[in-house]
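Below is one structure, written out as structure tokens; comments come after it.
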Amino acid sequence: MEEIKTESGEKKASLNFIEQIIEGDLQDGYKGEVHTRFPPEPNGYLHIGHAKSIILNYGMAKKYNGKMNVRFDDTNPTAEKTEYVDAIREDLHWLGAEWDDREYYASNYFQQLYEWAVMLIKQGKAYVCQLTPEELSAHRGTPAEPGTSPYRDRPIEESLDLFERMKNGEFPDNSYTLRAKIDMSSPNMQMRDPIMYRILHAEHHRTGNKWCIYPMYDYAHGQSDYIEGITHSICTLEFEVHRPLYDWFLDQIAPAGAPRPHQHEFARLNLNYTVMSKRKLKRLVEEHYVNGWDDPRMPTVSGLRRRGYTKDSLWKFVEKVGVAKRDNIIDLSLLEFCIREDLNKKALRVLGVINPLKVVITNYPDGKTELLEAVNNPENPDDGTRMVPFGKEIYIEREDFMENPPKKYFRLSPGAEVRLRYAYFITCQEVIKDADGNITELHCTYDPLTRGGDSPDGRKVKGTIHWVSAKDAVKAEVRLYDRLFNKENPDEAEEGKDFLSNLNPDSLTVKEALVEPSLLDAKPLDSYQFERIGYFCCDKESTPGHLVFNRTVTLKDTWAKMSK
RNA sequence: UGCCCGAUGGUGUAAUUGGCAACACGUCUGACUCUGGAUCAGAAGAGCCCAGGUUCGAACCCUGGUCGGGCAACCA
């Protein structure tokens, strides 16, 4: 939230437009608490865009001492599954949303919705139509020209009878629909006698085969909000043109002057270098471009979690992103900033080498091992210290040695001295190569007086590098992730191609790293900072016998930037 | 050619709602540092889509354009 100073100098948070609406309502003598809802359709997993919606809805409820319901919008049995309900529930909990026992389903209201529909037919405000999908489309008109519907004057009794028979399963799918009789010449296409019910002989994940007619979103949503006593129905911009319809249905069922929900629309979240539509995410999963909905490259809540993103970092991100009505594409760097900031404070530091280069310390006693004290987290002294084994043979990162270093290269090179973090100063004496000229190992000498990393004579070294004892190192599979797509906007594909053509072939690189033995204790979802490399999160597939870490994000790398 | 939204530094969001544009990310300096991390100090970068109008005064109001997004699934 932005902060602005008032004349008196104290800080005052500026409000986003939703907060302004709510506070306006509150000031207008609105009675009762603020009550929002998060209404996912269980036809896929939640993504970071949903996280924005959840945090908005839940955040508003919390801020104004209200409540948030969870309501599964399950009006289309052909797309919805219990698997998704469970996954959504898990993500919601993980994000920290609380909804007590207020977990509802649009399908809970099927009977009530049906009765209201009958009422509307009796009032001459709804009718049974038998246009085929193609015909219906053709009869809708164009935005500029009015449409027609040949059945809108069907006698009430006849519609009543037909609707009853629709419900009883006498007709096949797509043969009849129930339509609201509103205005076939409305400039708003949503108002051109929208379909309220369609016939679907499909098994519903909750109501089974009880129903074969199902309400459409527009007919179900506002009514459900009304039944639950929702005050602020917050949704994304594409529903803006539905609002008159939302209000129209409520006009039919809510007594005049009675409290009723109002719909407010905000701009959905977009992130560059990824896709956010459920349809596309589903394709990535089903066509195996990624390894499931929780693949750490996915912008799904479960994917981000597995990648190592914390709940707090996501909240921070959403807060920084803000809420408004204009289309936006958020830079990935903001998300990365949020997780770095969070993990910098929380993650324990460890030593691990991803591209090992062997170093023999020639003047170090053969067979000797010693334990050196290392700080667990310089940002938090309470995290204490640990002992890390050191020996004559160690591994360092290949990138930390250059035979012919450029200027300002502070790491190891022939004749140069660097500090091994928490250990000793070493100087490179000799470069060993194989027949092809590849560097296979380094011979270095150490200064025994620099134990722990400080030199008694006060001499300085510019570089400090990480390392791991060859004898004590533990192997770990390390999964290095990069952006899933090469293009900021993956939908910008060449002629005849789609977003899949912009997939980044290098979005996942698997390496075998050597890490310090303390990592044997790592449990799935534990986050660590591999010093000088990045943040890593223990994967759910990790076992003590086969450690697996996902790289959440690299550390900021000023050197990489300089050397470009 | 219809209707509905929107338009502020590279990105996102603000401007006490008419009083000469702020914050964050990013970028770039420099300091410091046993992570080229973190931290600290500082800089550059928009004159608010355009054109008129109202006003002492407009990013905020009005008019007309321009550009972007959405709407014609028996999806949500």
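Because the structure is a prediction, the values reported are computed rather than measured. The sequence lines fix the lettering, A, B, ..., with proteins before strands; numbering per chain opens at 1.
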Touch check for A:Leu555, heavy atoms < 4.0 angstrom, all strands: base, sugar-phosphate only, or nothing?
-> base

Look at A:Thr142 and B:rG2 and indicate whether a side-chain polar atom (N or O) is within less than 4.0 Å of OP1 or OP2.
-> no

With rounding to whole Å, what would you report as the distance between B:rA58 and B:rC62 at their P atoms?
-> 15 Å

Side-chain N or O of A:Lys345 less than 4.0 angstrom from OP1 or OP2 on B:rA38?
-> no

Answer yes or no: is there an ion pair linking A:Asp225 with A:Arg71, defined by an N-O contact shorter than 4.0 Å?
-> yes

Report yes or no: do A:Asn380 and A:Asp383 form a side-chain donor-acceptor pair below 3.5 Å?
-> yes

Which part of the nucleic acid does A:His466 contact within heavy-atom distance under 4.0 Å: base, sugar-phosphate only, or nothing?
-> nothing

Any side-chain donor-acceptor pair under 3.5 Å between A:Ser186 and A:Asn188?
-> no

Identify whether any heavy atom of A:Asp454 sits under 4.0 Å from a base atom; if not, whether one sits that close to sugar-phosphate; answer base, sugar-phosphate or nothing.
-> base

Do you know which of A:Tyr424, A:Trp467, A:Phe390, A:Phe425 makes ring-ring contact (aromatic ring centres under 6.0 Å, His included) with A:Tyr446?
-> A:Tyr424

Using a cut-off of 4.0 Å on non-hydrogen atoms, how would the nucleic acid contact of A:Arg411 be classed: base, sugar-phosphate, or nothing?
-> base

Heavy-atom donor-acceptor pair, A:Glu379 side-chain to B:rG37 base, under 3.5 Å = yes

Rounding to a whole Å, what distance do you find between A:Ile330:CD1 and B:rU13:P?
-> 6 Å

Against the side chain of A:Arg532, the closest entry in B:rU1, B:rG70, B:rG36 is B:rG36

Which whole-number value in Å describes the distance from A:Phe17 CZ to B:rU13 P?
-> 11 Å

Side-chain N or O of A:Lys561 closer than 4.0 Å to phosphate OP1/OP2 of B:rC28 | yes

Rounded off to whole Å, could you give me the CG-to-C1' distance for the A:Leu131 and B:rA72 pair?
-> 14 Å

Length of the CG-P vector between A:Asp342 and B:rA38, whole Å | 15 Å

What does A:Ile329 touch in the nucleic acid at a heavy-atom separation under 4.0 angstrom: a base, only the sugar-phosphate, or nothing?
-> sugar-phosphate

How would you label the contact of A:Arg349 with the nucleic acid (heavy atoms, under 4.0 Å): base, sugar-phosphate, or nothing?
-> base

Contacts of type salt bridge (Lys or Arg N to Asp or Glu O under 4.0 Å), residue A:Arg279, not counting sequence neighbours = none

How is A:Phe239 classified with respect to the nucleic acid when contacts are heavy atoms under 4.0 Å: base, sugar-phosphate, or nothing?
-> base

Any Lys/Arg nitrogen of A:Arg532 or A:Asp400 sitting under 4.0 Å from an Asp/Glu carboxylate oxygen of the other?
-> yes

Taking only Watson-Crick and G-U wobble pairs with both distances under 3.5 Å, what dot-bracket line describes RNA chain B, where [ ] shows pairs that cross earlier ones and | shows pairs with another strand?
-> .((((((..((((.....[..)))).(((((.......))))).....(((((..]....))))))))))).....

If the C1' atom of B:rA22 is compared with that of B:rC4, how far apart are they to the nearest Å?
-> 31 Å

With syn defined as a glycosidic angle within 90° of 0 and anti as everything else, classify B:rU17.
-> syn

Classify the side chain of A:Arg326 and the base of B:rG69 as holding, or not holding, a donor-acceptor pair under 3.5 Å.
-> no

Select base, sugar-phosphate, or nothing to describe what A:Tyr409 touches, counting heavy atoms under 4.0 Å on all strands.
-> base

Gap in Å between the two P atoms, one belonging to B:rU8 and one to B:rC3, rounded | 24 Å

Could you check which of B:rC75, B:rA72, B:rU35 has an atom nearest any side-chain atom of A:Arg140?
-> B:rA72

Residues two or more places apart in sequence or in another chain: which of them pass side chain to side chain contact (heavy atoms under 4.5 Å, CB included) with A:Thr310?
-> A:Asp312, A:Ser313, A:Ile339, A:Asp342, A:Leu343, A:Lys346

Using the purine O4'-C1'-N9-C4 or pyrimidine O4'-C1'-N1-C2 torsion, is B:rG47 syn (within 90° of 0) or anti?
-> syn

Paired with A:His204, the ring-ring contact (aromatic ring centres under 6.0 Å, His included) test is passed by just one of A:Phe110, A:Tyr105, A:Trp211, namely A:Phe110

Return the value, rounded to whole Å, for the distance between atom CD of A:Glu397 and atom P of B:rG37.
-> 17 Å

Ion pair present between A:Arg206 and A:Asp74, side-chain N to carboxylate O less than 4.0 angstrom?
-> no

Could you tell me whether A:Glu370 and A:Arg451 have a side-chain N and a carboxylate O separated by less than 4.0 Å?
-> yes

Residues 268-278 of chain A vs salt bridge (Lys or Arg N to Asp or Glu O under 4.0 Å), sequence neighbours excluded, gives A:Glu238-A:Arg268

Out of B:rC74, B:rU17, B:rC71, minimum distance to the side chain of A:Gln190 belongs to B:rC71

Is there a donor on the side chain of A:His139 or the base of B:rA72 sitting less than 3.5 Å from an acceptor on the other?
-> no

With sugar-phosphate meaning primed atoms plus P, OP1 and OP2, does A:Asn174 contact a base, only sugar-phosphate, or nothing at under 4.0 Å between heavy atoms?
-> base

Where the side chain of A:Pro378 is concerned, which of B:rU35, B:rG2, B:rA76 is the nearest nucleotide?
-> B:rU35

When the distance from CG of A:Asn328 to P of B:rA14 is rounded to whole Å, what number comes out?
-> 11 Å

Classify the nucleic acid contact of A:Gln130 as base, sugar-phosphate or nothing, counting any heavy atom under 4.0 Å across all strands shown.
-> nothing

Applying salt bridge (Lys or Arg N to Asp or Glu O under 4.0 Å), which residue pairs with at least one partner in residues 454-463 of chain A are found, sequence neighbours left out?
-> A:Glu417-A:Arg459, A:Asp447-A:Arg459, A:Asp457-A:Arg459

Separation of A:Glu19 atom CD from B:rU13 atom C1', in whole Å?
-> 12 Å

Report which part of the nucleic acid A:Phe337 touches: base, sugar-phosphate, or nothing (heavy-atom distance under 4.0 Å, all strands).
-> sugar-phosphate

Which nucleotide in the list B:rA15, B:rA14, B:rA76 gets nearest to the side chain of A:Asn16?
-> B:rA14

Which part of the nucleic acid, if any, lies within reach of A:Lys462 when heavy atoms closer than 4.0 Å are counted: base, sugar-phosphate only, or nothing?
-> nothing

Nucleic acid contacts of residues 416-426 of chain A, taken as heavy-atom distances under 4.0 Å to RNA chain B | A:Arg419, A:Arg421, A:Tyr422

Using a 4.0 Å heavy-atom cut-off across all strands, classify A:Thr177 as base, sugar-phosphate, or nothing.
-> base

Protein-nucleotide distance (A:Arg268, atom CZ; B:rG69, atom C1'), rounded to Å = 12 Å

Check every strand shown and say whether A:Gln529 touches a base, only sugar-phosphate, or nothing at a heavy-atom separation below 4.0 Å.
-> base

Should B:rA73 be called syn or anti, with syn set as within 90° of 0?
-> syn

Using the closest heavy atom to pick a nucleotide of RNA chain B for each, name whichever of A:Asn43 or A:Gln20 lands nearer the 5' end.
-> A:Gln20

pi-stack flag for A:Trp559 and B:rG36, centroid dist under 5.5 Å, interplanar under 30° = yes

Side chain of A:Pro187 - closest among B:rG36, B:rA14, B:rG2 | B:rG2

Are A:Glu240 and A:Lys325 within salt-bridge range, i.e. N to O under 4.0 Å?
-> yes

Give a yes or no on whether the ring-centroid distance for A:Tyr217 and A:Phe239 is below 6.0 angstrom.
-> yes

